[in-house]
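These notes concern the structure reproduced below.
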Amino acid sequence: MRYIIVGGVAGGASTAARLRRLDEHSEIVLFEKGSYISYANCGLPYYIGDVITDRNKLFVQTAASFKDRFNIDARVQSEVLAIMPEKKLVQVKDLKTGLDYELSYDKLVLSPGAEPIRPPLEGINSEGIFTLRNVTDTDRIKAYVSKFPNGKAVIIGGGFIGLEMAENLHNLGMHVSIIEMGTQILAPVDFPIAAIAQQHIRSKGVDLKLKTTVNGFERNEQGLKVFMKDEEPLGADIVILSIGVKPDTRLATAAGLTLGTARGILVNDYLQTSDEDIYAVGDAIEFINPITHNSMPTYLAGPANKQGRICANNMVLGNKNKYLGSINTAIVKIFDLTVAVAGVASKHLTAAKIEHLVSTTHSGSHAGYYPGSEQMTIQINFAPSNGKLLGAQIIGTDGVDKRIDTLSSVIQRGSTIEELTEFEHAYAPPYSSAKDPVNMAGYVAENILQKRLHVIPWSAVKDISPEDILIDVRTALEYVEGNIPGSINIPVDELRSRIDELGKHKNIFIYCQIGLRGYLAQRILLQNGFEKVKNISGGYKLWSACDLESNINESSLVV
């Protein structure tokens, strides 16, 4: 039996290693077009930024170590040019010698990954413009950046890699600009979470341009110029293109394999393509999202590694191990903040016409009386019919990772917000509170679901009319330091004694700093005969961040 694997990074390398653990005697040949296999591509920005200083630590295995440990024939700088399914052959070019040859297979695995998007803009191939996808890209960028220790860097695109590169180049002393065509950074999250991150990025002195389209580039004696629609050109010493990626399906298409609606290699539950002897894993495939039931790719190392294990099991043991799909759990460090996401954002649920409710809470990373507690913001999306958790997003400085992992597990298992209220966590003051932020998110969501709490999103504040009553239930000092225009201040502790100032027939909207006092005020009013009382979800903290970023977006359109 001969297994051939095309692509030697996360998905391909994990498939190869698992195959050998299951089958000691078959021949395993792995082809990789680049010079390296099995490397930590998620660590590449941090090597460029000198956070990781030892380049060798980026490599999990080398071609030589793969041979020594697993008896796998890993052929680097070997490009598979074509697949001939009817003959069960692959055509390969040895990039070192230039020679072409053919090799037969019994089972074939495609793991070609994804390729960076490079739009056909004028000047895009100029010196100093890079994409970051592999070790070779990394070495070129690192060498180039070293020529401009206090230079100007422009990042095109506000996704995960773009933001990681922005932070690392900023930490090297460069002046960094981020240009994003969309209305926010981080497309997988909703605007409120992105708004908090955007404020933090601006606070670091990074020039963040939203709703901005790049038209082209030009290189002259002074360096690069980045041309934008309705904006003055921006000077740069280096440009990083982080516009996005697309599945590399060239081999699959030429071989007649079926592609999906998202233009990835379509696989079944067993990671098998339309050819029964060809499997596929990693960034190039697409599968059914378990929440939206739409076909989609995912560009994450975790799913790719899991797919590799499942794929190997099915090839050796028969199609018994199903891949259940990915809910796109991801996390990114943005300077001092961490942003994490699992499941589906509210905006994407809306686009998929999936009914849902949204709850936003702010909680301490650990007990407030223990030094160093920091606020984190958690937004969860859940089904109004049964409370099934559909999505979660968190932004904060500490403890974000363990909370998103908990929420991801609940989403992946199709469980509900009730589980969040009952979730038993390890508690000691340095690590959490008696009621963990996950519990608090569950409690608030449960109150919404059971109609004990009636909320409106921050964006609905603009629709509050002058005839309605908007109450700030924080202290007088908090109110003076900043409030929502048009609100009156009645601290929650004074509400019972001043309840006669309010008309029971009026629409009443309440907010506090983070939502808790607003909930208490709402319960007081509802139990005193007031029927039309709504609480602003996330409180003043969330509204102020979103309102500020929304105004920046609007003003950026004025030229």
Side-chain angles (χ1 to χ4, degrees), residues 4-15 31-34 41-42 79-83 85 90 107-119 131 133-134 157 159-161 187-188 242-312 314-315 319 321-330 341-345 348 351-352 412:
I4 288 182
I5 300 166
V6 181
V9 193
S14 63
T15 303
F31 292 110
E32 169 55 45
K33 182 170 64 174
N41 49 5
C42 295
E79 181 179 6
V80 175
L81 301 177
I83 303 165
V90 294
K107 298 288 183 181
L108 175 68
V109 181
L110 292 178
S111 182
E115 53 187 354
I117 294 172
R118 293 181 70 97
T131 57
R133 194 64 188 167
N134 53 45
F160 284 58
I161 297 298
S242 186
I243 300 168
V245 296
K246 59 182 179 181
D248 184 349
T249 60
R250 288 171 292 186
L251 285 173
T253 301
L257 301 181
T258 301
L259 302 186
T261 55
R263 309 312 297 163
I265 303 170
L266 191 64
V267 295
N268 63 16
D269 290 345
Y270 304 103
L271 298 169
Q272 194 173 33
T273 70
S274 53
D275 184 304
E276 65 177 9
D277 292 318
I278 302 178
Y279 290 71
V281 298
D283 294 354
I285 72 171
E286 70 172 84
F287 46 84
I288 300 300
N289 181 285
I291 298 171
T292 65
H293 304 295
N294 293 329
S295 193
M296 54 160 273
T298 188
Y299 307 114
L300 298 168
N305 277 279
K306 295 174 181 67
Q307 291 160 15
R309 180 184 178 88
I310 292 169
C311 177
N314 288 331
M315 285 194 294
N319 286 349
N321 197 175
K322 288 187 176 182
Y323 179 60
L324 300 179
S326 168
I327 61 167
N328 291 323
T329 303
V341 60
V344 184
H348 297 139
Q412 193 173 37

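All residue numbers refer to positions in the sequence shown, counting from 1.
- The shortest side-chain heavy-atom distance between Pro119 and Ile243 falls under the 4.5 Å cut-off.
- With contacts defined as side-chain heavy-atom distances shorter than 4.5 Å, the pair Arg133/Glu115 does not qualify.
- When all heavy atoms of Thr249 and Ala284 are compared, the pair lying nearest together is CG2-O, 4.2 Å.
- Across Ile4, Thr273, Ile5, a single residue satisfies side chain to side chain contact (heavy atoms under 4.5 Å, CB included) together with Val109, and that is Ile5.
- Phe160 has its side chain out of reach of Ser242: every pair of non-hydrogen atoms, C-beta onward, lies at least 4.5 Å apart.
- Two residues are said to be in side-chain contact when any heavy atoms from C-beta on lie closer than 4.5 Å; Asn289 and Thr298 fail this criterion.
- Of all heavy-atom pairs spanning Ser326 and Pro290, the tightest one is O-CD, 3.5 Å.
- The line from OG of Ser14 to CD1 of Ile310 is 10.0 Å long, rounded to the nearest 0.5 Å.
- Between Ile265 and Tyr279 the shortest side-chain heavy-atom distance does not fall below 4.5 Å.
- Among Ile278, Leu266, Leu251, the one residue that satisfies the side chain to side chain contact (heavy atoms under 4.5 Å, CB included) test with Leu257 is Ile278.
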Practice item. Mind running side-chain contact (heavy atoms from CB on, under 4.5 Å) on Thr131 and Arg118 for me, showing each step along the way? Key: CA-CA 8 Å; Thr131 57; Arg118 293 181 70 97; 3.6 Å; yes

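- Here the closest non-hydrogen pair linking Ala187 and His348 is O-CE1, 3.4 Å.
- Proximity of a side-chain donor or acceptor of Ser274 to a complementary backbone N or O of Thr258 within less than 3.5 Å is detected.
- Atoms CG and CE, on Leu271 and Met315 in that order, are 9.5 Å from each other to the nearest 0.5 Å.
- Note that CG of Leu300 and OG1 of Thr329 are 8.0 Å apart. Values are rounded to the nearest 0.5 Å.
- Taking the side chain as every heavy atom from C-beta outward, Asn134 and Asn41 never approach each other to under 4.5 Å.
- No side-chain heavy atom of Val9 sits under 4.5 Å from any side-chain heavy atom of Ser111.
- In this structure, the side chain of Gln307 engages the main chain of Gly282 through a donor-acceptor pair within 3.5 Å.
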Practice item. Go through Val341 and Asn328 one step at a time and tell me if the side-chain contact (heavy atoms from CB on, under 4.5 Å) criterion holds. Key: CA-CA 8 Å; Val341 60; Asn328 291 323; over 6 Å; no

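- Phe287 places none of its side-chain heavy atoms less than 4.5 Å from the side chain of Pro297.
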Exercise for review: Would you check, one step at a time, whether the test side-chain contact (heavy atoms from CB on, under 4.5 Å) holds for Leu108 with Ile83?
Suggested key: CA-CA 9 Å; Leu108 175 68; Ile83 303 165; 3.7 Å; yes

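- The line from CD1 of Ile288 to OH of Tyr323 is 12.0 Å long, rounded to the nearest 0.5 Å.
- A pairwise comparison of heavy atoms in Leu259 and Ala252 identifies CD2-CB, 4.5 Å as the closest pair.
- Distance alone, capped at 3.5 Å, is enough to place a donor-acceptor pair between the Glu32 side chain and the Gly34 backbone.
- Cys311 contributes atom SG, which lies 15.5 Å from atom NZ of Lys306 (distance to the nearest 0.5 angstrom).
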Point to revise | Criterion side-chain hydrogen bond (donor to acceptor under 3.5 Å, both in side chains) on Asn314 and Gln272, from CA distance to verdict | key: CA-CA 9 Å; Asn314 288 331; Gln272 194 173 33; over 6 Å; no

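- Take Thr253 and apply the side chain to side chain donor-acceptor pair (under 3.5 Å) test, not counting sequence neighbours, and it matches no residue.
- Looking at residues two or more places apart in sequence or on another chain, you find no ring-ring contact (aromatic ring centres under 6.0 Å, His included) involving Phe31.
- In this structure, Lys107 NZ and Asp275 CG are separated by 9.0 Å, a value rounded to the nearest 0.5 Å.
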